[in-house]
Amino acid sequence: MDISEDIVTRKFSGMSFDEVLEYLVQEVKDRNYLITRINNIDNIHERLNGDVAKNLKFKLYKIVEFCNLESCSQLISTDLKAGVFMPVKFAVYQSDNQEQVFISFLKPTSFASIFNSERMNRIAEILEKDMYDILDEIIF
């Protein structure tokens, strides 16, 4: 894998972190995906103090996990090991020194290529298109 090609990142300006996150979650739901969990990685700020907290390079960081049970089942049925990539994730984050909010994701076609399966790649292409469409729909 090549990080510069396999991880997609979009930058959003003019909206707060919470607004971007809210729009993202709504767009995911609008496409019949289930939000399985939102990991609040930024809660670490509340537990750390002193120099350790100052060394963190982010202000806010959430990982939004989601899936569509039908497409997830199809991917896993293609190869049972495919579950290591499920559920699909968006990382939503804001650096300490920036106002912009970033959203990144691993292209589903990148992980599907590991399995060398035409069927898995077709399903991954649909999922990847949905992920791009979700980002395109976020109002900024």
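Worth knowing before you read on, the calculation uses all heavy atoms, side chains too, and leaves out hydrogens, waters and symmetry mates. Just so we're clear, the structure is a prediction, and the values are computed from it rather than from any experiment.
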So [Y] and [X], do their side chains get closer than 4.5 Å, heavy atoms only?
{"X": "I134", "Y": "I103", "value": "no"}
{"X": "V88", "Y": "E65", "value": "no"}
{"X": "I38", "Y": "I35", "value": "yes"}

If you count every heavy atom of other residues, nucleotides or ligands that lies below 6.0 Å from [X] atom [atom1], does the total exceed 12?
{"X": "E22", "atom1": "CD", "value": "no"}
{"X": "N97", "atom1": "CG", "value": "yes"}
{"X": "R31", "atom1": "CZ", "value": "yes"}

Pairwise distance [atom1]([X]) to [atom2]([Y]) - rounded to 0.5 angstrom:
{"X": "Q26", "Y": "L21", "atom1": "CD", "atom2": "CG", "answer": "11.5 Å"}
{"X": "L75", "Y": "R122", "atom1": "CG", "atom2": "CZ", "answer": "11.5 Å"}
{"X": "D130", "Y": "D30", "atom1": "CG", "atom2": "CG", "answer": "11.5 Å"}
{"X": "Y33", "Y": "N68", "atom1": "OH", "atom2": "CG", "answer": "5.5 Å"}
{"X": "T36", "Y": "L69", "atom1": "OG1", "atom2": "CG", "answer": "9.5 Å"}
{"X": "M131", "Y": "K89", "atom1": "CE", "atom2": "NZ", "answer": "10.0 Å"}

Which pair of non-hydrogen atoms, one from S117 and one from T78, has the smallest distance, and what is that distance?
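Looking at all heavy atoms of both residues, the closest pair is OG-CG2, 3.1 Å.
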Where A82 and M120 come nearest, the two heavy atoms and their spacing
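Where A82 meets M120 most closely, the heavy atoms are CB-CE, 3.7 Å.
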Using the side-chain contact (heavy atoms from CB on, under 4.5 Å) rule, take F111 and M86 through it: C-alpha gap first, then chi angles, then the decisive distance, then the call.
CA-CA 11 Å; F111 72 71; M86 299 295 154; 4.0 Å; yes
With K62 via salt bridge (charged side-chain N to carboxylate O under 4.0 Å, His left out) - residues at least two apart
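Partners of K62 under the salt bridge (charged side-chain N to carboxylate O under 4.0 Å, His left out) test: D42.
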Under the rule for salt bridge (charged side-chain N to carboxylate O under 4.0 Å, His left out), what residues qualify as partners of K29, not counting sequence neighbours?
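Not a single residue meets the salt bridge (charged side-chain N to carboxylate O under 4.0 Å, His left out) criterion with K29.
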Yes or no on side chain to side chain donor-acceptor pair (under 3.5 Å) for N39 and Y61, after CA distance, side-chain angles and deciding distance?
CA-CA 8 Å; N39 295 298; Y61 203 106; over 6 Å; no
Any link between [X] and [Y] through a network of hydrophobic side chains (Ile, Leu, Val, Met, Phe, Trp, Tyr) touching at under 4.5 Å?
{"X": "L106", "Y": "I114", "answer": "yes"}
{"X": "I126", "Y": "V28", "answer": "no"}
{"X": "L135", "Y": "I7", "answer": "yes"}

With salt bridge (charged side-chain N to carboxylate O under 4.0 Å, His left out) as the criterion, how do E125 and K129 come out once you've worked through the C-alpha distance, each side chain's angles and the decisive distance to 0.1 Å?
CA-CA 6 Å; E125 286 172 352; K129 181 186 179 315; over 6 Å; no
Test side-chain contact (heavy atoms from CB on, under 4.5 Å) on Q98 and K11; report intermediate values, then the result.
CA-CA 11 Å; Q98 294 183 340; K11 175 173 53 173; over 6 Å; no
Side chain S71, main chain C67, donor-acceptor under 3.5 Å
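Looks like no, no N/O pair under 3.5 Å.
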Between Q74 (side chain only) and I123 (backbone N and O only), is there a donor and an acceptor less than 3.5 Å apart?
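Answer holds: no.
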Could you go step by step and tell me if F115 and F85 meet the side-chain contact (heavy atoms from CB on, under 4.5 Å) rule?
CA-CA 12 Å; F115 295 94; F85 293 105; 3.7 Å; yes
Between E128 and T109, does the side chain to side chain donor-acceptor pair (under 3.5 Å) criterion hold? Intermediate values first, please.
CA-CA 7 Å; E128 189 169 309; T109 54; 2.4 Å; yes
Would R10 and Y132 satisfy side-chain contact (heavy atoms from CB on, under 4.5 Å), going step by step from the backbone distance to the final call?
CA-CA 10 Å; R10 294 271 176 89; Y132 275 111; 3.5 Å; yes
Using the ring of each side chain (for Trp, its six-membered ring), is F66 parallel, tilted or perpendicular to F90, with breaks at 30° and 60°?
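Ring orientation, 0 to 90° scale: parallel.
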Mind running side chain to side chain donor-acceptor pair (under 3.5 Å) on S104 and Y93 for me, showing each step along the way?
CA-CA 9 Å; S104 297; Y93 52 96; 2.7 Å; yes
